[in-house]
Number of protein chains: 2
Amino acid sequence: MLSRTGLYALQAVLYLVRQSNGDAVAAATMAADLGVPPNYLAKVLNRMARSGMLTSTRGAHGGFRLASDPGELSVEDVVGEFEELLPLEKCLLGGGCDPTSPCSAHRRRVEWHGVRRDILRHTPLLSLLGPQAVPEDREVPHHRLVESMIKVS
Amino acid sequence: MLSRTGLYALQAVLYLVRQSNGDAVAAATMAADLGVPPNYLAKVLNRMARSGMLTSTRGAHGGFRLASDPGELSVEDVVGEFEELLPLEKCLLGGGCDPTSPCSAHRRRVEWHGVRRDILRHTPLLSLLGPQAVPEDREVPHHRLVESMIKVS
DNA sequence: GGTTATTCGGACATTAAGATCCGATTAACC
DNA sequence: GGTTAATCGGATCTTAATGTCCGAATAACC
């Protein structure tokens, strides 16, 4: 469900959260610490900087910093930039139902899409760092979980 | 999370469930009805036949049939064949923790893997065909859902 | 102002998944 | 037994994601 790229983004942000002295971190050191491909991580970081999630400074002592309070971030905030799952033209069951009056299976897929986004949006980034930090842990019906795992698009 | 191939497998089995007269269905007709690439679907069906989920008969009036009662099948039964997500050598947070004494983040990932499999295993295939057919719909903690979406391996 | 450490971003390479092609085999039907 | 309709499975092509390389820009420090 998460692309490798999205996973790198998540790792990078979590890394910066754990660093949390004010220093910028160079892409190369971050990559070495995380054990991920340095040049590719650089690209991912660059993209995150352009999207406003990180700030970057060039030159000596440069690198990347979090642009905002990580306590405010959701998983979706981090990962959304890298996950394009928009179109839903085709019906899972193969009926040629058109977008204006979709069949029931079709409608469910659209729902799933929303469910997934919703869940990622409502999950605080920091909750991934430990079981202690999960505020308001809502229960989700079992079958919806499966639905959210099914690739949309 | 589901590969496209896994999705094809799911579509194919659901298609056969909905057919449900005793006739075998040719890969080509199934592909046409579902709107998926015929030659590729043929390969997927072939693999399912070899794994024992479908039976295949060659020649005229040949094609594919379900090998067993679909009511007994879980989503995992259908999809598991196509989803290899085994190794977990590396720790998400980059600490070089070894497999014998993994760090807490590492341990969580192992959990996630199990959670995902468990969920797919406990979801009846037929529950995907409509909201009516979901027996014993257990509730799952929200954060576990997110964990299960994070790509394992 | 020169040197050094870094990001920036475009061009290119690699890889795995997805998809296609086709000849060989097999079963039904005449 | 020949024809037809299907699976079988190996070889190959395509595409998108991932990953590498490198020159240019830029900021800190001497």
Side-chain angles (χ1 to χ4, degrees), chain A residues 1-12 16 22-67 79 81-87 90 151 153, chain B residues 1-12 16 22-67 79 81-87 90 151 153:
Chain A
M1 196 87 213
L2 277 191
S3 62
R4 186 159 302 205
T5 306
L7 194 58
Y8 290 160
L10 210 48
Q11 290 186 263
L16 289 173
D23 292 7
V25 184
T29 44
M30 208 184 304
D33 287 350
L34 291 174
V36 304
N39 306 75
Y40 193 66
L41 181 65
K43 289 228 177 304
V44 175
L45 291 170
N46 183 234
R47 220 169 130 186
M48 287 196 279
R50 270 180 291 174
S51 86
M53 162 149 329
L54 304 180
T55 61
S56 64
T57 55
R58 287 183 173 188
H61 297 167
F64 296 89
R65 289 184 177 82
L66 291 173
V79 149
E81 170 80 8
F82 301 97
E83 309 281 323
E84 293 298 330
L85 26 133
L86 300 172
K90 291 205 312 188
K151 194 172 195 171
S153 121
Chain B
M1 195 87 214
L2 276 192
S3 62
R4 185 159 303 205
T5 305
L7 194 57
Y8 289 159
L10 210 48
Q11 290 185 263
L16 288 173
D23 292 6
V25 184
T29 44
M30 208 185 302
D33 287 350
L34 291 173
V36 305
N39 307 75
Y40 192 67
L41 180 66
K43 289 228 175 303
V44 175
L45 292 170
N46 183 233
R47 221 170 130 186
M48 287 197 278
R50 270 180 292 173
S51 86
M53 161 149 329
L54 304 181
T55 61
S56 64
T57 55
R58 289 185 173 186
H61 297 167
F64 296 89
R65 288 185 179 82
L66 290 173
V79 149
E81 170 81 7
F82 301 98
E83 308 281 322
E84 292 298 330
L85 25 131
L86 299 171
K90 291 204 313 186
K151 195 172 193 170
S153 123

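Here is the naming used below: chain letters follow the sequence lines, and residue numbers restart at 1 for every chain.
Taking atom CE on A:Met48 and atom C1' on C:dG9, their separation rounds to 16 Å, with Å as the unit. Rounded to an integer number of Å, the gap from CZ of A:Arg47 to C1' of D:dG19 is 15 Å. We find that CG of B:Leu45 is positioned 13 Å from P of D:dG9, with the value rounded to whole Å. Rounded to an integer number of Å, the gap from B:Met30 CE to D:dA5 C1' is 15 Å. Atom CZ of A:Phe82 and atom P of D:dT18 are 11 Å apart (whole Å). In this structure, CZ of A:Phe64 is placed 13 Å from C1' of D:dT26, rounded to the nearest angstrom. Here the C1' atom of nucleotide D:dC8 and the OH atom of B:Tyr40 are 16 Å apart, to the nearest Å. Between the CG atom of A:Asp23 and the P atom of D:dA27 there is a distance of 18 Å, given to the nearest Å.
Between A:Gly52 and A:Ala67, the shortest heavy-atom contact is O-CB, 3.3 Å. Nearest heavy atom pair, residue B:Gly6 against residue B:Glu83, reads CA-OE2, 4.0 Å.
The structure places CG of B:Leu16 at 11.0 Å from CE of B:Met53, a figure rounded to the nearest 0.5 Å. Atom-to-atom distance recorded for B:Met48:CE and B:Leu66:CG is 9.0 Å, nearest 0.5 angstrom. Within the model, atoms CG of A:Leu7 and CZ of A:Phe82 stand 11.5 Å from one another, a figure rounded to the nearest 0.5 Å. Put simply, CZ on A:Phe64 and CG on A:Leu45 are 4.5 Å apart, with the number rounded to the nearest 0.5 Å.
Residue B:Thr5 places at least one side-chain N or O under 4.0 Å from the OP1 or OP2 atom of C:dG18. Note on A:Ser56: a side-chain N or O is less than 4.0 Å away from OP1 or OP2 of C:dC8. Taking 4.0 angstrom as the limit, A:Arg50 places a side-chain polar atom (N or O) nearer than this to OP1 or OP2 of C:dG9.
In terms of position along DNA chain D, the nucleotide closest to B:Gly62 lies nearer the 5' end than the nucleotide closest to the other residue of the pair B:Gly62 and A:Tyr8.
By the side chain to side chain contact (heavy atoms under 4.5 Å, CB included) test, A:Ala31 pairs with A:Val36, A:Pro38, A:Leu41, sequence neighbours left out. Residues forming a salt bridge (Lys or Arg N to Asp or Glu O under 4.0 Å) with B:Arg58 (at least two apart in sequence, or on another chain): none. With sequence neighbours left out, A:Thr5 forms a side chain to side chain donor-acceptor pair (under 3.5 Å) with A:Tyr40.
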For nucleotides 26-29 of chain C, give me every protein contact, N/O to N/O, under 3.5 Å, one pair per line with atom names.
from	atom 1	to	atom 2	distance (Å)
C:dT26	O4'	B:Arg58	NH1	2.9
C:dC29	OP1	B:His61	ND1	3.3

Between protein and nucleic acid, restricted to nucleotides 10-13 of chain C and to nitrogen or oxygen atoms under 3.5 Å apart, what atom pairs and distances do you find?
from	atom 1	to	atom 2	distance (Å)
C:dG10	O6	A:Lys43	NZ	2.6

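Across all strands shown, A:Asn39 has heavy atoms under 4.0 Å from base atoms, whether or not it also approaches the sugar-phosphate.
In this structure, the nucleotide among D:dG9, C:dT6, D:dA6 sitting nearest to the side chain of A:Ala26 is C:dT6. For A:Asn46, the side-chain atoms get nearest to C:dG9 when compared with the rest of C:dG9, D:dG9, C:dT20. The side chain of A:Ala27 sits closest to C:dT7 out of C:dT20, C:dT7, C:dG18. For B:Pro37, the side-chain atoms get nearest to C:dT20 when compared with the rest of C:dT20, D:dG9, D:dG19.
Sorted by first and then second residue, the side-chain hydrogen bond (donor to acceptor under 3.5 Å, both in side chains) pairs with a member in residues 41-57 of chain B read B:Asn46-B:Arg50; sequence neighbours excluded.
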